[in-house]
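The structure presented is a predicted model; accordingly, all values stated were derived computationally and were not measured.
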Amino acid sequence: MDPAMTPLGKMLLEEITPVVMVISTPAVEETCLKNGLSFLQMLTPFCSFNNIDVPVRTASDQPYRIHKFKLRLFYGSDVKKPNLKVAEQQLKQVITDSGEKVFSEKCLDVPEFNHEVTSSEDRDTPSWFQFFNKELVRMASFSDHEAFDHPVACLLAVSSKDEHPISRFVDLFNTNKLPSLLKDGAMDPKILKHYLLVHDNQDGPVDRASKILTEMRNTFGTSDSLLLSINSSLGVPIKHQDNPWASQIYDASPNQDLGCFLSIDDINEIKDLMQDLSSKHIIPNMEQKIRLLNQQVSATRKGFKNQIKNLWWRKGKEDGVDSLNGPTYNFNSIESQIRVLGDYAFMLRDYELALSNYRLISTDYKIDKAWKRYAGVQEMMGLTYFMLDQSRKEAEYCMENAFNTYLKLGLLGQQNATRCGLWWIEMLKARDLYKEAATVYFRICGEDILHSAVMLEQASYCYLLSKPSMSRKYGFHLVLSGEQYKKCDQIKHAIRTYRSALSVFRGTTWSYINDHVHFHIGQWYAALGMYDVAVKHMTEILACSHQSKTTQELFLSDFLQVVEKTGRTFEVTKLQLPVINISSLKVIFEDHRTFGSSSAANTKEGLWHSLEEDMIPSFPAAKTNWLELQSKLISKKHTLSNVCVAGEAVKVNIEFINPLQITVPVSGVTLICKYSTSSDALASDEKELSVKSNNEVDHFRDMSSYNSSFLVSEVDFSLGGGETTMVQLSVTPKEVGTLEILGVRWKLSGTIVGFHNFELSHPKKNIVKGRRKAKQPPNEKFKFMVIKSIPKIQGSVHSLPGKAYAGDLRRLMLELKNPSEFPVKNLKMKISHPRFLIIGNQENVKLEFPGCLTKKTDSERSSAHTNPNIMSETIFSFPVDTSIQGETPLSWPLWFRAAVPGDISIYMSIYYEIEDISSVIRYRTLRLHYNVQVLPSLDVSFQISPSRLRIQDFLVQLDVVNKTSSESFQVYQLSSIGQHWEISLLQPPDTIFPSQTLMAGQAISCFFTLKNSRRLSTVEYNISTTPVRSDVLLVPQCSQDLVYNSNNVPLVNFHHYERLQQKVLHESAPSRLNCGIWLALIAVSNTFIVLGLKGDELSPIQILRISLFMMDLGDLNTVDFVLISRPLNNSINPGLSDPPHVMSHHACHLSTASTGPISWLVDGPQTLHHDFSTSFCEINLKMHLYNSSGTTAFVHIDTIDFDRGGGHINSVNAVSSATPDNQVGWHDVTPVNELKVTSNTVETQPGKALSLESVSPYIWSGSSSTSIHLEPMSSAEIPLQICVFSPGTYDLSNYFLNWKLPSKGLGNSDETGQHSGKCQGYKYFLTVLQSP
């Protein structure tokens, strides 16, 4: 690195150079002012020599050459310390002027923000910083302790027009008029003088000037007397292309022609004059003085003897009292001469000589406590080290030492400390130590606010240029600088620094500082009257959800005030308040799909598709479906566009979010749309796209104007703090053409209009194996092809409650209307959840509800089974002649049942076709969606246990619990589903329910007897269905009480779906008949064929009766119950708008049999009397057996005599049979548990006898082993006999029942079921008493 090529090196070569004092007469100044220049200004551009070649020899014998040199010219009156107040005003003016210039260049023409990070070209320090730093350095000039600002020569200028020119030369260098540095003895007044005679060629020929020059040479010497002729241009003023004075005169007007009378010869003469002055006079004079001073210094200070002498002479001074000014040194003192020698050597580039003298004098100043002079020498030592590119640590140490010493002097050294700090900073920058340079900037900030602002800004650029870049500190110090600028009313500089900080904070998570920057930029722009730019900045902070409520109110109020000052309704694209959730954006339109409610439109399309796929025809032969017709009528460019119908609204759901804690009024929310006819749909797309990119606000304003081809809705609302609302906007096209939704428009607080376009990012195209997947562009969802008006059915379900209790059964009414003049036909309907909603019969409309659910007479047979639609799929076809047109609606009954508690969603789709064959769309669907909240009501449970009195008789326990908190119900009726179960009460209803009311939280239990009356006499399909009593009223009967028919519509339908839902033993509806005959039903064009019955075709009624038999009776060992309850009207929750009338609760697949196929019962007396004194007692018993399987069973019974282990309850313990969990038969467990059968052999161990000498009280006197083959679905009786020898109570369970089925038998014992089992006998207690 060449130090001279660094910014600091260039600065030193410009600022630490010889000074020439210029003294001129008024006539000379007048002559120069003809060119708009002073005499000093005219000479200054020619004092820098870049191609000079001057040999220089200082103290050493080895010469060197100087190729670049510069002189600094100052008027004699200016050779003094600058006035601090004037200098500060000049600095302030420099900052103000630079702010105006930079602001006009970069800020006024940038209405939009640059969101990209600052480029590397912009990272350089602003150019005006260099000029500002030079002015700061010059504030410390002409100090008495430094020699490089002392004039080395004096240039005296007299005009040829002056009278007595020789006398004027003498008077100009009068001692009384000389600068204070010369008069006070700080510098040697014997300096080089040069006498210059200036002649104005416009005043006449040069003859007089030549005479005066001759006289001057005789008086002052030939070499020191010079003549300069100027203003040679006598005609039209000259306009110089490369004006050398343009960069020197900062306050010159652009139209002013500087040097207009100076010809090229004049300029060349000035150049030669200054070059000769430098190379032939000043440089040689400085060489001579350096050699002379070096000899004196060597003689007095160098050498060991002189050094000891100097130290001895200064002994004791270091113990003196510190003084800010220190001792005074005149120019004759050896210290001043050493300093002059060092400065002269530095200016002539002999840095080694300069450094040696600075070192020599540094110790003297430190001992003398001349701190300012000591700091100055340390400062020059640091600069000399830098220019020599040696010992960087020594250079930085010297600069820091000088800086700290200056600061100790307070105000006396403030300017010098600033200059030292700036040179130190440039030294660190030259070595890429930007971070360390920034810390020095902080140290030279000082108490002046404006001065501090500039230093903080320069420090921020040091952080940016450091490696790695410290962008956060860069932005932070820019903000600090901007705050300081604002305090000094430098608003434009404050805006500039804050805008630069935006490139750092934008896109980060530093929300608070980002808000601070935008808010103050907006305020400052508003203060300058630039309201448009102010509004754009303040819109960036409107959605400041992280701020406090007070701050949010401040931001919004200031923003509205700025908008109000514009005097117009301000329009902003992408206004951030309120926030629009683009991800929630949803477009709802109706093509062949129509919606009965917003909830139906918001349902996922996949759900509707699965519901409608079996209902919508595919038209394979005609090939005239609406999609193909659409492709023919619409151009290929529009094939991806959506289709809507003229006169039908296209709706857009938009979510507006208020991120603030304060209420925000929003008005005039509308869609921005564009409409065109089919012929010119895309003719102007590219043109409008270019207009949109140039001025988006004007584009939206044009699109939002009134258009007679469509209607848009307008919404007003108010958003509370943190509130989110979904707004539905609509546009209704009136004519056929093309409609495009561009965005949304709204007005905030009535003063500012916001726009937000719906442009979405285009996804990347996926290329798979050379094939390009065609995807709909994101913005195509907002484009629509408008077709002509077609019929649209409007539908609703009346009386469907929003809340209902579980079990609630209601009759609803579906109403369909077609406002169009064109009729619709071929109506179909499908319901998603037939467990909750089924389609009724048109005949039920005229019947009163709930009377239509009751039985008219007990002997009346149900006609439900003759209706082919009862068990059909959920697709319902309306009658062929059904047509909807005009104002006459179509009403159709529906049945609703709240099956289970919870939130229920019911979906309905109605398909219909359009008779207008010219329409693009041939069919449409109406989608309905309803939500019902089902509340808990009654919890119903059943427990079934076999009867010990009769085989195939059962005891049923019903438990009912009222789960509601305040409602009361009446348990009205219990019914068993099917034709083979007979049910009856064990107690009268008034005994079970004395109050006939089940209060909230109350539970009841009651018992019934259940009898299986089914008889299957043949394997043919003729099934006996003799009516039995299957309904029991749980209230006292009177003439008004009617029995609800559970085998009729809709109870039988709902029960069917409950069976499917509650299936326990079967995975689907029964497909196997337990008589061993397999059935399979196949539906082909409404014709049923029964396979397995020799192929005869049956009538639909016969087939339906068999299928119903399979549904109702499928498993011979299960039973279904329906409990009917009624609410008490005086206790119904008033929140229910339509209270229920009837409630049904279904229990399905309740098992009545054990897991084995054989059930039995021992029948005989329970108590009898006998005279044991005469003989023993013989007692006859019967065992009833029943085979419930579909195949012949082999049954074997073994009886075991009473052993000595006991059995007599009065004398010994009763026989205790081992009853593991898999044992079957009667045993002492909970009576309601069903008897279990196991295929494993159960070993029973009789209880241990208390007395071995006891006699057997009874024996089995009949056959000890009996076998029998039991036919399927049949029963048999086996006689048994015992002999009792003494009175007592006996347990007659000492027998085992073994059963076995064929390995390939059908019925319940299939390959995965049980084929054999061994069962312990039921406990049967017999009491025999002694006869009196």
_Pair Thr1009, Ser984 - check side chain to side chain donor-acceptor pair (under 3.5 Å), show working._
CA-CA 5 Å; Thr1009 59; Ser984 60; 2.5 Å; yes
*What is the ring orientation for His1170 with Phe1172, classed by angle as parallel under 30°, tilted 30 to 60°, or perpendicular over 60°?*
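It falls in the perpendicular class, over 60°.
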*Could you tell me how the ring of Phe942 sits relative to the ring of Phe1121: parallel (under 30°), tilted (30 to 60°) or perpendicular (over 60°)?*
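Aromatic pair Phe942/Phe1121 classed parallel.
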Validation row: [X], [Y] side chains within 4.5 angstrom (heavy atoms):
X       : Y       : answer
Cys1177 : Leu1168 : yes
Leu1034 : Leu1123 : yes
Val1035 : Pro989  : no
Val1043 : Gln973  : yes
Val956  : Gln943  : no
Ile1124 : Val1142 : yes
Tyr972  : Leu1033 : yes
Phe1285 : Pro1257 : no

Under 3.5 Å, side chain of [X] to main-chain N/O of [Y], donor-acceptor pair present?
X       : Y       : result
Asn1048 : Val1052 : no
Trp1160 : Tyr1186 : no
Ser976  : Trp981  : yes
Ser1005 : Asp959  : no
Glu1277 : Leu1185 : no
Tyr1290 : Pro1287 : yes
Asn1045 : Leu853  : no
Asp939  : Asn962  : no

*Test log, rule side chain to side chain contact (heavy atoms under 4.5 Å, CB included), inputs Thr997 and Gln970*: CA-CA 5 Å; Thr997 302; Gln970 182 185 59; 6.0 Å; no
Where do [X] and [Y] come nearest, in terms of heavy atoms and distance?
X       : Y       : answer
Phe1325 : Asp1291 : CE2-CB, 3.9 Å
Leu1301 : Thr1191 : CD2-CG2, 4.0 Å
Asp1120 : His1149 : OD1-N, 2.8 Å
Ile1179 : Pro1165 : CG2-CG, 3.9 Å
Gly807  : His1145 : CA-CE1, 4.2 Å
Val1162 : Tyr1324 : O-CE1, 3.9 Å

_Check whether Tyr1057 forms a cation-pi arrangement with Arg835 (NZ or CZ under 6.0 Å from the six-membered ring centre, at most 45° off the ring normal)._
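Pair Arg835/Tyr1057 does not count as cation-pi.
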*Is it the case that Lys1300 places NZ or CZ above or below the six-membered ring of Phe1194, under 6.0 angstrom from the centre and within 45 degrees of the axis?*
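Not flagged: Lys1300 not positioned over aromatic ring of Phe1194.
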First locate atom [atom1] of [X], then atom [atom2] of [Y], and finally report the distance between them rounded to the nearest 0.5 Å.
X       : Y       : atom1 : atom2 : result
Asp1198 : Ser1265 : CG    : OG    : 4.5 Å
Leu986  : Cys1006 : CG    : SG    : 9.0 Å
Ile983  : Leu958  : CD1   : CG    : 8.5 Å
Leu1326 : Thr1167 : CG    : OG1   : 7.5 Å
Ile1282 : Asn1294 : CD1   : CG    : 10.5 Å
Leu1010 : Leu1150 : CG    : CG    : 9.5 Å

*Sole residue of Met1143, His1146, His1055 in side chain to side chain contact (heavy atoms under 4.5 Å, CB included) with Arg897*: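 Going through the options one by one, the only one that passes is His1146.
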*Please walk me through it: do Cys1319 and Trp1299 pass side chain to side chain contact (heavy atoms under 4.5 Å, CB included)?*
CA-CA 9 Å; Cys1319 307; Trp1299 59 271; 4.0 Å; yes
*Please determine, by modelled atom types, if Asp1031 and Ser975 share a side-chain donor-acceptor pair under 3.5 angstrom.*
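Judged by distance alone, the side chains do pair up.
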*Does a side chain donor of either Asn1187 or Glu1271 reach within less than 3.5 Å of an acceptor in the other side chain?*
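Not at all, the side chains of Asn1187 and Glu1271 share no donor-acceptor pair under 3.5 Å.
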*Using the side chain to side chain donor-acceptor pair (under 3.5 Å) rule, take His1196 and Thr1266 through it: C-alpha gap first, then chi angles, then the decisive distance, then the call.*
CA-CA 6 Å; His1196 178 74; Thr1266 304; over 6 Å; no
*Begin from the C-alpha positions of Ile1278 and Ile1197 and carry the test side chain to side chain contact (heavy atoms under 4.5 Å, CB included) through to its verdict.*
CA-CA 10 Å; Ile1278 298 176; Ile1197 301 169; 3.3 Å; yes
*Do Tyr1295 and Gln1320 pass the side chain to side chain donor-acceptor pair (under 3.5 Å) test, and can you show the C-alpha distance, the side-chain angles, and the key distance before you say yes or no?*
CA-CA 6 Å; Tyr1295 63 90; Gln1320 172 74 43; over 6 Å; no
*Is Asp1163 salt-bridged to Lys1182, going by a charged N under 4.0 Å from an acidic O?*
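Answer for the salt bridge query: no.
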*Could you tell me which residues satisfy side chain to side chain donor-acceptor pair (under 3.5 Å) with Tyr1044, sequence neighbours excluded, listed by chain and number?*
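Scan of Tyr1044 (side chain to side chain donor-acceptor pair (under 3.5 Å), adjacent residues dropped) gives none.
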*Verdict with reasoning, Phe969 to Ser937, per side chain to side chain contact (heavy atoms under 4.5 Å, CB included)*: CA-CA 9 Å; Phe969 299 94; Ser937 58; 4.2 Å; yes
